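A, B, ... follow the sequence lines: proteins, then strands. Residue 1 opens every chain. This is a predicted model, so every value here is computed, not measured.
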Amino acid sequence: MARYQQGDVAAFAELVARHEKRLWNFVRRFVADSATAEDLLQEVFLRVVRNAAEWHPSAKFTTWLYTIARNLCTDNARRGVFRKADSLDQTPGATRDESGPHRIDRVAAPDGNAEKAAMDREIATRVDQAVATLPVEQREVFLMREVMDMSFAEIATATKTSEPTVKSRMRYALERLRGALEELREDSGSTAVGSTP
Amino acid sequence: MNCAQVKEQLIDFLYGELPAEARSAFTEHLHGCPACKAEVASYQHTLGSARAALGGPLLEEPPARVHLAVIAAAKAAAKQQATPAKVKQLASRDDLGFFSRLWRTPWFLPAFGAASIATVVFLVRVLKNPEVLPGQRPHAIDERALVAPEPAPSPDPTMAAQPAAAPAAEVKANVENSLDKDKESSSAGRATKHAAAKEEMARIQTAAGLKRKASAERQGLGGLKMDKPQASAARQFAEPPPPRPATKKSNKDIDDLMGGFKETELAQPRAQFLAAPAGGKPDRARGEEDRFEGKAEKAAGPAKDILLNESATDMAKPARRSPARSAGAPAGSAAPTPAYAPPPAATPAAPRMRDLPAESAASAPAPSPPPAIKRKAWRQSDEDAKGSVVVTDDDSAQETDHKTAKSSDKPGSALDESIRKADRLYTSQDWNAAAAAYRDLINRFPGHKDAPRWRDRMSESLVAEEQRQAKLKKAKAKTIDVLDGSKL
């Protein structure tokens with residue numbers, strides 16, 4: 001970032017390449033649709049460009065960057081544009097009514113085990129839906145920890161809360177996820193019991 | 001550790017942020033509590049599943065267009081950063097105040113310097129010669145200023161004023177001749193003259209008209225017609241002295257002393273002298289001059305004696321009769337009217353002690369106390385008889401002649417002030433004003449012992465003024481010729 005402040009565009013490109021994937025997944029899990037996620041991701045980096053002169057080397061760049069992303073996402077969420085989780089039956093980037101290859105089909109089976117692959121797809125769908133239904137405060141803490149790999153202290157700084165509050169929100173988020181996955185487990189257990197002759 | 005503490009430290013345990021001691025205690029509790037162990041295991045499973053989903057099927061690549069747009073924006077911003085200095089300079093220049101921007105303009109300092117120099121020059125010029133208005137020629141002269149003063153009304157109708165005006169009339173005639181010539185030449189070539197020359201003539205004519213108007217308003221100055229600054233200078237000499245009830249009487253006494261010697265008579269030899277041709281009769285003129293001088297000296301003798309003895313005269317004592325008066329001067333004869341006749345004053349004021357004989361001085365009211373302002377007192381001394389005056393401090397004058405200084409404070413200083421001004425104008429070669437000042441002195445104090453010197457200087461001033469006027473005419477004509485030649 002210091003190099004970019006001196007006018008080195010290549011350094012900035014390196015920064016973008018290093019952080020855009022995490023940011024994209026964070027934004028993508030946070031907002032409703034991919035188009036909004038794209039706009040938000042672009043806006044995050046544009047704010048970095050515009051406010052590059054304000055960045056001080058003593059500040060950690062990732063904390064600054066993720067704080068910008070988090071603020072944009074929470075502002076977008078508070079405007080009422082809540083993310084509605086796309087169905088795994090939906091084509092990526094398309095509306096629910098559009099036809100095409102299902103997202104779940106892109107989830108590859110690691111070892112060719114179809115059963116396990118189907119289970120993984122189901123777990124991912126549940127996790128995705130569960131994260132989408134989390135409250136904003138819990139969602140941002142969960143995504144910042146699991147997607148952006150931020151420490152609780154950094155999350156507390158970004159969210160301007162205390163660390164115990166962050167941990168508490170993290171625990172509530174995990175409870176919800178556990179509940180969603182337990183439902184899946186129960187469903188799969190009952191299905192297995194029902195399918196058993 | 002109990003189950004509540006396990007719940008509190010569950011997140012730290014899941015993320016491995018518990019200290020080693022707390023972790024061992026936590027693990028130990030899990031070994032002894034199956035419920036806590038099952039709950040912790042469920043959380044571990046959920047977290048594992050979420051991580052697997054987020055890092056596997058849910059992991060997506062960012063859109064490439066976002067990357068390109070961001071890089072393009074960064075390049076554009078870097079280009080804008082390349083010229084921040086100019087932008088900052090412009091912004092700061094806009095933020096500056098009016099005076100700061102004015103100070104930074106390149107032409108401000110030269111213009112300010114030039115204006116300062118012009119102001120200083122103007123002030124110096126005004127302070128150096130306050131009587132001359134800026135833009136006016138200090139020695140500008142009107143030909144009518146050379147007109148001889150109107151003779152003072154004489155009680156004797158046989159004493160014509162014509163001889164008294166002879167020198168001035170001669171000068172006037174010469175000047176008018178030159179003016180006529182100039183007018184003819186200028187009217188003949190006026191059609192072809194340069195516009196600047198026309199403007200110059202118009203300006204001169206306008207000034208002449210104004211001067212004529214001003215001179216018409218100042219008929220009381222013995223017919224002297226002057227332009228504005230000169231008139232103001234002459235007005236200082238013509239300022240009416242303080243009202244003095246005994247003035248008329250004193251003038252009468254002086255005239256008695258002078259034996260009815262009139263200004264016209266005094267001026268006659270000079271006129272004849274000037275009117276005589278170069279190779280004419282200088283002896284006769286000289287003789288007339290000598291006669292005049294002798295007569296004047298003779299007439300002024302007693303008065304001079306009185307003036308010189310003034311210091312020894314006790315003004316409070318009953319005055320003696322002057323010798324001239326006691327010599328049988330016609331008491332009932334009409335007193336010669338001075339050139340300047342002050343209006344009768346309602347309140348008595350200090351008499352002009354130098355003009356008064358002791359008798360009239362004694363009858364005059366007591367002079368007002370001298371002002372507190374320290375000033376120069378003029379004392380007539382032996383050098384004064386030679387035509388010069390000696391300036392002494394008021395203190396020394398009081399030491400030597402306290403009573404005289406006290407009694408003759410106001411009128412004497414007025415006379416001396418007039419003489420000093422006339423001399424100053426003469427030495428500064430302000431001929432017109434000097435002539436007017438000397439003429440005024442002669443009219444006011446015709447019997448003064450310096451009157452011959454005043455007449456000489458007045459004549460010299462008139463002649464010098466005439467010469468200067470002729471030079472100006474020549475120069476003007478030359479300028480017009482040059483302009484005509486350049487145009488042709």
Side-chain angles (χ1 to χ4, degrees), chain A residues 4-9 12-13 16-17 20-21 23-25 27-29 34 37-39 41-42 44-46 48-50 52-53 88 92 103-104 106-108 110 120-121 123-128 130-131 142-143 145-147 151-152 166-168 170-171 174-175 177-182, chain B residues 3-19 22 26 36 38-85 87-88:
Chain A
Y4 175 64
Q5 281 181 327
Q6 304 300 322
D8 190 354
V9 182
F12 184 75
V16 172
E20 65 179 348
K21 192 171 183 178
L23 273 176
W24 169 251
N25 281 285
V27 174
R28 185 70 186 84
R29 300 273 83 76
S34 59
E38 283 183 15
D39 292 342
L41 178 65
Q42 184 171 329
V44 169
F45 284 114
L46 289 180
V48 171
V49 169
R50 283 197 293 266
L88 291 178
R103 176 181 291 176
I104 198 67
R106 297 192 298 122
V107 178
D120 288 341
R121 285 195 297 268
I123 290 173
T125 303
R126 292 284 177 168
V127 168
D128 192 28
V131 169
F142 176 80
L143 292 175
R145 177 72 198 194
E146 294 299 326
V147 175
S151 69
F152 290 117
V166 171
K167 288 178 181 176
S168 176
M170 186 68 189
R171 193 164 61 86
L174 287 178
E175 272 186 16
L177 284 175
R178 190 183 65 168
L181 292 178
E182 281 180 355
Chain B
C3 296
Q5 290 174 330
V6 167
K7 284 187 178 178
E8 286 177 1
Q9 297 178 357
L10 177 63
I11 297 297
D12 291 329
F13 178 79
L14 290 175
Y15 286 95
E17 293 183 0
L18 270 181
F26 191 92
C36 288
E39 189 170 1
V40 168
S42 67
Y43 273 105
Q44 286 177 331
H45 183 260
T46 302
L47 190 58
S49 299
R51 283 178 178 171
L54 291 173
L58 297 180
L59 190 63
E60 298 179 18
E61 290 294 323
R65 55 184 175 174
V66 172
H67 180 89
L68 294 176
V70 167
I71 297 302
K75 284 181 180 176
K79 281 183 183 178
Q80 286 182 352
Q81 282 180 348
T83 57
V87 173
K88 280 184 180 176

Exercise. Any salt bridge (charged side-chain N to carboxylate O under 4.0 Å, His left out) involving residues 38-49 of chain B? Give me the pairs, sequence neighbours left out, ordered by first then second residue.
Key: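 Every candidate salt bridge (charged side-chain N to carboxylate O under 4.0 Å, His left out) pair involving residues 38-49 of chain B fails, so no pair, neighbours aside, qualifies.
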
Heavy-atom distance under 4.5 Å between the side chains of [X] and [Y], does that happen here?
| X | Y | value |
| --- | --- | --- |
| A:Trp24 | A:Arg28 | yes |
| B:Tyr15 | A:Ser151 | no |
| A:Lys167 | A:Arg145 | no |
| B:Val6 | B:Phe13 | no |

Quiz item: Looking only at heavy atoms, which two atoms of A:Phe142 and A:Val131 are closest? And how far apart?
Solution: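 What the structure gives for the nearest pair is CE2-CG2, 3.6 Å.
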
Practice problem: Write down the atom of B:Ala73, the atom of A:Val49, and the distance for their closest heavy-atom approach. | Solution: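 The pair with the smallest heavy-atom distance is O-CG1, 3.9 Å.
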
Quiz item: So what's closer than 4.5 Å to chain A heavy atoms on B:Ala50: side chain, backbone, both or neither?
Solution: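 The answer is both parts of B:Ala50.
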
Quiz prompt | Heavy-atom proximity to chain A below 4.5 Å, by part of B:Glu8 | solution =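 Neither the backbone nor the side chain of B:Glu8 comes within 4.5 Å of chain A.
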
In terms of heavy-atom pairs under 4.5 Å, which option from [options] contacts chain A the most?
| options | value |
| --- | --- |
| B:Ile11, B:Leu47, B:Leu54 | B:Ile11 |
| B:Glu61, B:Lys7, B:Lys75 | B:Glu61 |
| B:Pro63, B:Ala53, B:Ser49 | B:Pro63 |
| B:Leu14, B:Asp12, B:Leu10 | B:Asp12 |

Quiz item: Which region of A:Arg50, side chain (C-beta onward) or backbone (N, CA, C, O), has a non-hydrogen atom less than 4.5 Å from a non-hydrogen atom of chain B, or is it both or neither?
Solution: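 When you check distances to chain B, no heavy atom of A:Arg50 falls under 4.5 Å.
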
Practice problem: Name the member of A:Gln42, A:Met170, A:Lys21 that forms the most heavy-atom pairs with chain B at distances under 4.5 Å. | Solution: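 When all of A:Gln42, A:Met170, A:Lys21 are compared, A:Lys21 has the most.
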
Quiz item: What residue, out of A:Leu174, A:Leu143, A:Leu177, has the most heavy-atom pairs lying under 4.5 Å from chain B?
Solution: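 Most pairs with chain B among the choices: A:Leu174.
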
Self-check item: Residue-level contacts of residues 64-72 of chain B with chain A, using a heavy-atom cutoff under 4.5 Å
Solution: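 Under the 4.5 Å heavy-atom cut-off, B:Arg65, B:Val66, B:His67, B:Ala69, B:Val70, B:Ile71 qualify.
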
